[in-house]
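Below is one structure, written out as structure tokens; the observations come after it.
Values below: every heavy atom of this structure, side chains too, minus hydrogens, waters and symmetry copies. Letters A, B, ... are given to chains in the order of the sequence lines, protein chains preceding strands, and every chain is numbered from 1.
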Amino acid sequence: MSDPAVLTETDEQTVDMKDIVALCKRRGFIFPASDIYGGLNGFWDYGPLGTELKNNIRDLWWKSMVITPPIGPDGLPVEIVGLDSAIIQNPKAWVASGHVGGFSDPMVDCKETKLRYRADHLMVLVPKDGEGRWIAYQEGAESDEVEKRVKKLGSGRSISAFEPTPLMDIDVADYDKVSAPDTKTQGTLTEPREFNLMFHTYVGATASEDSKVYLRPETAQGIFLNYKNVLDSSRVRVPFGIAQIGKAYRNEVTPRNFIYRSREFEQMEMEWFCHPDEAEKWHEFWITQRKDWWQSIGVKEDDVFIRPHDADELAHYAKDGLGTVDVEFKFPFTAPDFGELEGIAHRCDFDLTQHQEHSGTKMEYIDPVTNERYIPHVIEPAAGLSRGVLAIICSAYTVDESRPSGMYLDFHPSVAPKKAAILPLTAKEDHVPLATELYKELREHYNVDLDIKQNIGKRYARQDEIGTPFCFTIDNDTIEDKTVTVRHRNTMKQERIAMDKVLDYMREELKKF
RNA sequence: GCGGGUGUAGCUUAAUGGUAAAGCCCUAGCCUUCCAAGCUAGUUAUGAGGGUUCGAUUCCCUUCACCCGCUCCA
């Protein structure tokens, strides 16, 4: 966790999520899904500008992974190939991955205390003589705490007069005898309810358990399923990576914080296959790479935090390995703490071994030089694209009371939905044809806006709100000497350049970032 | 899923058991030579469903969404 004491008050610029959500809707970044029907909890739609922003982040990730992957520790470019796997896979894949079964948690609620427990974490002391109340406690509770409860509720008997029994083994009909862990009242526990976080549907016309399939809760498994296909078809050699971007679905109990936790979201995952002895080296390598990448697209350095997972929060696949490190971002709703943006996990050989066992397909890699046979270890930088969009917007949101819009989005030009706006100073005279001419030239190279209507101040303000780095304005001087003014978003400063040099100018300016 | 809170136009705020009002925004026109200016006109709302009532945005019920706290987050 971050240390709030390190942050001074003046560092904290309080941006309210309400303002960000309102801006996103007003300017067409992000809308509630099926807005006209009142929305749907946990689902969001990306508007015209949000789609551009998301695509830009997505493309930059793909470029940094697949097109121009980084130079490895040995000075040579690393090798990563792309993949786009189906959202619905054979349900056996999710059994092997541990998502079916392990991913559904039966929960019980206490009607009196309103507390909720995992049913499989509750133990019940059942009186061996069948008399008196049954006493529930949480697995892992201190033994003297349990004894204290027995002394209080056990009618004078010692703990040996009871049989510790998992709640899951107890008939629901007997629940009225049970005192929940934080009350002495009996019968306050509800029936266990399943909270499987995977969406399911049925393949084919008839719905039956045999045809039940799941929407993927992560894109990673699609990569493991195709590990052998890729190996056999693309001449890659360990170490190498397979990258994939796509939607994933989780039926979250509580979608919260705008698009931060939604039920449909987009992931950018890369599985890096390497020799077990080299896993640590590559883990370190990718942690550094990933942090640098987020900063390269405009996430401010102070807002990013690298946090190793504590031992008790590690996922099942990471317990025996080097653990997981999160790249975290200081979201307005987590500040001064941070929230997960990307997890860089050492998954060991868990997934490939699981799929080998369940499918019967050999997942071994045979080193062509040494003939060593082994199942590669996997380092997984798994980033949230949806969360990335939110982080970029939050990071860019800059309050500036001195300008008409009251704020601007300080987007890095590489992610900005619009790289420039071309604005004729007035809608009359000869400004418009010249502006159109410039627009037609620039749109061949960049995503740019031509905006003619209303006075110039309103148009600058609008571009500030959507984070356009440059505005090129055509005025009477343009007609005479073919020059335009450049207005810079962050400084509002203006300079004058030749109209036929605008494209070169943009190229030079964008290089500076 | 539990508890609490909030739902009136794109935004901010009014009002009412009996025609829902305004400012900003937006759109069109005029005017404008650089930062939401001015003039004119215009579009847009009681989250949804049901009940009580002659009549409900207002009272009641249900539901949905959002916010906060639990819980959950492989």
Side-chain angles (χ1 to χ4, degrees), chain A residues 16-19 21-28 31-43 94 97-118 190-198 217-218 220-221 250-258 260-263 265 309 313-319 324 333 339-340 343 345 347 350-351 382 384 400 402-406 408 423-429 431 453-465 471-479 484-487 489 492-494 496:
Chain A
D16 200 330
M17 273 311 285
K18 269 189 199 146
D19 296 334
V21 175
L23 174 76
C24 283
K25 184 168 182 187
R26 188 170 76 250
R27 286 301 173 202
F31 309 120
S34 20
D35 201 5
I36 59 171
Y37 289 102
L40 183 63
N41 197 1
F43 294 89
W94 303 114
S97 69
H99 288 92
V100 175
F103 200 37
S104 58
D105 302 324
M107 306 292 296
V108 292
D109 292 309
C110 176
K111 284 179 269 194
E112 181 173 297
T113 62
K114 305 300 179 195
L115 292 169
R116 165 171 290 182
Y117 312 93
R118 276 183 61 163
T190 61
E191 279 183 47
R193 278 173 294 205
E194 292 278 325
F195 286 87
N196 193 320
L197 295 190
M198 276 197 293
E218 63 175 26
Q221 293 305 321
R250 295 180 194 178
N251 203 351
E252 297 285 357
V253 177
T254 313
R256 231 5 114 73
N257 293 326
F258 199 30
Y260 180 75
R261 175 168 301 134
S262 51
R263 291 185 164 130
F265 56 99
H309 276 206
E313 61 176 324
L314 285 177
H316 56 84
Y317 52 75
K319 288 227 187 315
T324 299
F333 46 81
E340 183 189 348
R347 298 183 73 125
F350 177 86
D351 302 276
D400 181 356
S402 73
R403 61 179 79 198
S405 51
Y408 62 97
L423 310 173
L425 191 56
T426 66
K428 306 191 91 181
E429 303 175 55
H431 299 168
K453 303 279 177 178
Q454 297 179 319
N455 73 55
I456 191 71
K458 288 187 184 184
R459 285 178 281 162
Y460 284 149
R462 188 182 299 118
Q463 297 300 333
D464 280 347
E465 277 196 326
C471 291
F472 299 105
T473 306
I474 280 75
D475 57 17
N476 283 344
D477 290 348
T478 312
I479 300 163
V484 299
T485 57
V486 189
R487 184 256 193 193
R489 176 193 62 203
M492 297 196 284
K493 293 233 168 68
Q494 299 192 353
R496 201 140 193 118

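In this structure, the nucleotide among C26(B), A36(B), U32(B) sitting nearest to the side chain of S405(A) is A36(B). You'll find that the side chain of A461(A) is closest to A36(B), out of C34(B), A36(B), C66(B). Candidate nucleotides A36(B), C34(B), C72(B) were compared by shortest atom distance to the side chain of E252(A), and C72(B) ranks first. The nucleotide whose nearest atom lies closest to any side-chain atom of T426(A) is, among A36(B), C68(B), U32(B), U32(B). For L40(A), whose side chain is taken as the heavy atoms from C-beta onward, the closest listed nucleotide among A36(B), C34(B), A65(B) is A65(B).
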(message) Counting Watson-Crick and G-U wobble pairs with both distances under 3.5 Å, what is the dot-bracket string for RNA chain B, 5' to 3', using [ ] for crossing pairs and | for pairs to another strand?
(response) (((((((..((((....[..)))).(((((.......)))))....(((((..]....))))))))))))....
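Distances shorter than 4.0 Å separate none of the side-chain N or O atoms of R256(A) from OP1 or OP2 on C66(B). Contact annotation: Q454(A) does not reach the phosphate of U32(B) (side-chain N/O to OP1 or OP2, under 4.0 Å). OP1 and OP2 of C67(B) both lie 4.0 Å or more from every side-chain N or O belonging to K18(A).
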(request) Check the pair H431(A), I479(A) against side-chain contact (heavy atoms from CB on, under 4.5 Å), reporting the backbone distance first and the verdict last. (result) CA-CA 8 Å; H431(A) 299 168; I479(A) 300 163; 4.0 Å; yes
(message) Run Q221(A) and D351(A) through side-chain contact (heavy atoms from CB on, under 4.5 Å) and show every step you take.
(response) CA-CA 8 Å; Q221(A) 293 305 321; D351(A) 302 276; 3.1 Å; yes
(request) Take K18(A) and F258(A) through the side-chain contact (heavy atoms from CB on, under 4.5 Å) test and state the conclusion after the steps. (result) CA-CA 9 Å; K18(A) 269 189 199 146; F258(A) 199 30; over 6 Å; no
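For the pair R26(A) CZ and A9(B) P, the computed distance is 15 Å after rounding to whole Å. Between the NZ atom of K458(A) and the P atom of A28(B) there is a distance of 11 Å, rounded to whole Å. At whole-Å resolution of the value, CE in M492(A) and C1' in A36(B) are 13 Å apart. Rounded to whole angstrom, the span from the CG atom of D35(A) across to the C1' atom of G10(B) amounts to 11 Å. Rounded to an integer number of Å, the gap from R459(A) CZ to C26(B) C1' is 16 Å. Y260(A) places its OH atom 17 Å from the C1' atom of C68(B), with the value rounded to the nearest Å. Across the protein-nucleic acid pair, R462(A) atom CZ and C11(B) atom P stand 18 Å apart, rounded to whole Å. Residue Y460(A) contributes atom OH, which lies 15 Å from atom P of A37(B) at whole-angstrom precision.
When heavy atoms are screened at a 4.0 angstrom cut-off, K453(A) is found touching the sugar-phosphate backbone but no base atom. In this structure, D475(A) reaches the bases: a heavy-atom distance under 4.0 Å links it to at least one base atom across the strands shown. Note on E465(A): a base of the nucleic acid sits closer than 4.0 angstrom, heavy atoms only. Using a 4.0 Å heavy-atom distance criterion, A22(A) is classed as making no nucleic acid contact.
There is no side-chain donor-acceptor pair under 3.5 Å between R487(A) and Q463(A).
Interface remark: the R487(A) side chain does form a donor-acceptor pair with the C35(B) base, using a distance-only criterion of under 3.5 Å.
Looking at R496(A) and D475(A), a side-chain N of the basic residue comes within less than 4.0 Å of a carboxylate O on the acidic one, giving a salt bridge.
For the P atom pair drawn from U62(B) and C54(B), the interatomic distance equals 24 Å after rounding to whole Å. Rounded to whole Å, the separation between the C1' atoms of A9(B) and U44(B) comes to 5 Å. Taking the P atom of each, A37(B) and C70(B) are spaced 44 Å apart, rounded to whole Å. Nucleotides C59(B) and G1(B) are separated by 30 Å at their C1' atoms, to the nearest Å. With both ends at atom C1', the span from U40(B) to C31(B) equals 11 Å, rounded to whole Å. Taking the C1' atom of each, C2(B) and G17(B) are spaced 35 Å apart, rounded to whole Å. When the C1' atom is used for both G49(B) and G7(B), the distance is 16 Å, rounded to whole Å. Spacing between A36(B) and C25(B) at atom C1', rounded to whole Å, works out to 9 Å.
In this structure the side chain of F472(A) reaches within 4.5 angstrom of the side chain of V486(A), judged on heavy atoms. Side-chain contact between P404(A) and Y460(A) is absent, with no heavy atoms from C-beta onward closer than 4.5 Å.
Heavy atoms only, all atoms of each residue included: M17(A) and F333(A) are closest at CG-CD2, 3.7 Å. Taking all atoms of both residues into account, the shortest heavy-atom contact from R27(A) to E465(A) is NE-OE1, 2.6 Å.
Judged purely by atom type and a 3.5 angstrom limit, R459(A) uses its side chain to pair as donor or acceptor with the backbone of P424(A). Panel note: side chain R263(A), backbone F43(A); no donor-acceptor pair is recorded below 3.5 Å.
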Every protein N/O within reach of nucleotides 38-46 of chain B N/O, cut-off under 3.5 Å:
none

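Applying the side chain to side chain donor-acceptor pair (under 3.5 Å) rule to S262(A) yields no partners; only residues at least two apart in sequence or on another chain are considered.
Each of G406(A) and F258(A) was assigned the nucleotide of RNA chain B with the nearest heavy atom; the assignment lying further toward the 5' end belongs to G406(A). Each of P404(A) and G42(A) was matched to the nucleotide of RNA chain B holding its nearest heavy atom; the match closer to the 5' end belongs to P404(A).
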